[in-house]
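Values below: every heavy atom of this structure, side chains too, minus hydrogens, waters and symmetry copies.
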Amino acid sequence: MKNRSTFWLTSAVAAMATSPLAAQEAMGIDEKVNQAFASLTGPFVSLIFAPFPGTSFPWIVMWLVVAATIFTLYFGFVQFRFFKHAIQLVKGDYSDPNDAGEVSHFQALATALSGTVGLGNIAGVAVAVGIGGPGATFWMILAGLLGMASKFTECTLGVKYRNEYEDGTVSGGPMYYISKGFNELGLPGGKILAVVFSIFCILGALGGGNMFQANQAHAQISGIVGDYPGWITGIVFAAVVFAVIVGGIKSIANVTEKVVPFMGILYVGAALIILLVNYDQIGWAFGQIFAGAFTGLGVAGGFVGALIQGFKRAAFSNEAGVGSAAIAHSAVKTKEPITEGFVSLLEPLIDTVVICTMTALVIVISQQLIIDEATGNYMLNEAGTAIATIDGNSGVSLTSAAFASGISWFPYVLAIAVVLFAFSTMISWSYYGLKAWTYLFGEGKTSELAFKVIFCVFIVIGAAASLGPVIDFSDAAIFAMAVVNIFCLYFLMKLVKKELASYAARLESGEIKKYSH
């Protein structure tokens, strides 16, 4: 089913791109959409990414990194202590088939991963390395390792405070654990904060969850079949996405559990081929990453520029602390909330530490970034805002060129990967946005259908707008979710610690038993 959908998607886009008359008329539509979108979202973006006074360091980046560090220390490096147990849970060793919920541990992880393993790993890493240099990769890895603890905290709470309905369906996520958790602790303002989070979550779903995905998918496809209007890609994507999301979380999980492993193996396998062919340069590439992390190697912003870009891209890629993944993990079949916390901490590791690092290594090794032979530093472009590249590429085009330098036909494989990444991310984020929408406007078929239609309209807008406004709005909307979520997690983390202590004691005593399947 999925393979047929993907084939139809790419074939339809290629076929519709051949009309020159449609192309000429629709380019004007693209430009109008872009101008209107940029003017509407500018103030919101400026607020979220405002720097500390006298610096270029955005306050929101520090907000995420400090929280991840605090959670790591507070839970005693839980991401390393329970790593083996997390693997056992994903394998189903401790899964009781009679537990309440809609999906398995693996399906929940796959759904959440499909929302994070996406174009942030392809285009986002290229943006980070293109602006912050190879050193941005080091800070990306560090942020990924720390972010495992943030993900653990929010996903445990997501299951603990979810709503379970008589028909077997569930609804969970930050909006539920904020309102219920604050009420349990006797704290005021929980309901208001939950509403604010839900609003930001809907914006995040419409921005990062589909507009950015559709935008970069169109960039990759048009780079192969030739230039054509973005709204065509948007309409085709919207039709396929709508066909899947109408079926709800079980339909989404059934697709993602098949697509995520396939697209992960496809992309990582191609990266490994490039690295193996250029094995003699891997040591040099890591040297560039470590040197650039602390010196900047002459890139825009120097050391601080590398750090900011690394942390920003890691946050956008794995969404640790944002609260989005807690919505998907809330649907898991379990009576032990903490188990899904353990499963979820694998996400930043897979997403950021493994996949993002491989993308960065391929870009560095391919030497698409121009180095000044006299100084050994990277050369800036004419505007002085990013590193100069061989063909002036950036974003997904830079990643495509890097892979093509080792595998000439890889842009075609990357086009398929991009379509899969974008598609899977959109269907996952449609679920996140839907749960925020129904929290605000109530459960029901009409309410759900209204959101799904709005979501698909924004896919078309994202494909038609230019990268600058789309990526800015995507970052701002998703990071705005983190402002509310992390603020509330500081109050709620003691509830997670109580769950952790209880579960760890029962696991050690043998009370928590494995199931034979």
Side-chain angles (χ1 to χ4, degrees), residues 6 10 117-138 140-141 144 216-217 219-221 223-224 260-293 297 299 306 310 313-314 317 349-373 376-379 386-421:
T6 303
T10 49
V117 178
L119 294 174
N121 304 78
I122 302 175
V125 173
V127 170
V129 174
I131 298 175
T137 311
F138 175 87
M140 208 182 299
I141 293 170
Q216 288 291 273
Q220 181 63 20
I221 295 170
I224 290 176
V260 171
F262 172 74
M263 70 185 188
I265 292 169
L266 175 71
Y267 188 73
V268 171
L272 283 173
I273 292 172
I274 300 283
L275 296 177
L276 288 172
V277 170
N278 299 281
Y279 70 93
D280 56 323
Q281 296 184 56
I282 293 176
W284 171 80
F286 273 113
Q288 292 287 296
I289 288 170
F290 284 110
L297 293 174
V299 302
R313 285 301 114 200
S317 180
L349 180 75
I350 297 168
D351 178 277
T352 306
V353 179
V354 176
I355 298 180
C356 285
T357 300
M358 297 192 84
T359 300
L361 281 173
V362 170
I363 291 173
V364 175
I365 284 175
S366 69
Q367 297 184 22
Q368 292 291 307
L369 309 175
I370 299 174
I371 298 176
D372 184 344
E373 294 183 6
N377 289 335
Y378 287 94
M379 296 177 64
I387 297 175
T389 58
I390 292 177
D391 295 313
N393 291 312
S394 63
V396 71
S397 301
L398 175 57
T399 305
S400 181
F403 274 94
S405 67
I407 307 174
S408 60
W409 43 264
F410 185 77
Y412 297 98
V413 177
L414 186 62
I416 297 172
V418 165
V419 168
L420 290 174
F421 277 132

So which heavy atom on [X] is nearest to which on [Y], and how close?
X: A136; Y: A128; value: CB-O, 3.8 Å
X: V129; Y: A360; value: CG2-CB, 4.1 Å
X: F138; Y: A293; value: CB-CB, 3.5 Å
X: V268; Y: M358; value: CG1-SD, 3.5 Å

How long is the span from the [atom1] atom in [X] to the [atom2] atom in [Y], to the nearest 0.5 Å?
X: T357; Y: D351; atom1: OG1; atom2: CG; answer: 10.0 Å
X: L369; Y: L398; atom1: CG; atom2: CG; answer: 6.0 Å
X: L361; Y: Q281; atom1: CG; atom2: CD; answer: 11.5 Å
X: I274; Y: T359; atom1: CD1; atom2: OG1; answer: 11.5 Å
X: I273; Y: L276; atom1: CD1; atom2: CG; answer: 8.0 Å

T352 vs M140 side-chain heavy atoms within contact, under 4.5 Å: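 When only atoms from C-beta onward are counted, M140 and T352 do touch, with a gap below 4.5 Å.
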So, do I387 and I131 sit near enough that their side-chain heavy atoms are less than 4.5 Å apart? no
Name all residues meeting the side chain to side chain contact (heavy atoms under 4.5 Å, CB included) criterion together with V353; count only those two or more places apart in sequence or in a different chain, and write none if there are none. I141, L145, L349
Can you name the residues that form a ring-ring contact (aromatic ring centres under 6.0 Å, His included) with F286, not counting sequence neighbours? none
Pair V125, T399 - check side chain to side chain contact (heavy atoms under 4.5 Å, CB included), show working. CA-CA 8 Å; V125 173; T399 305; 6.0 Å; no
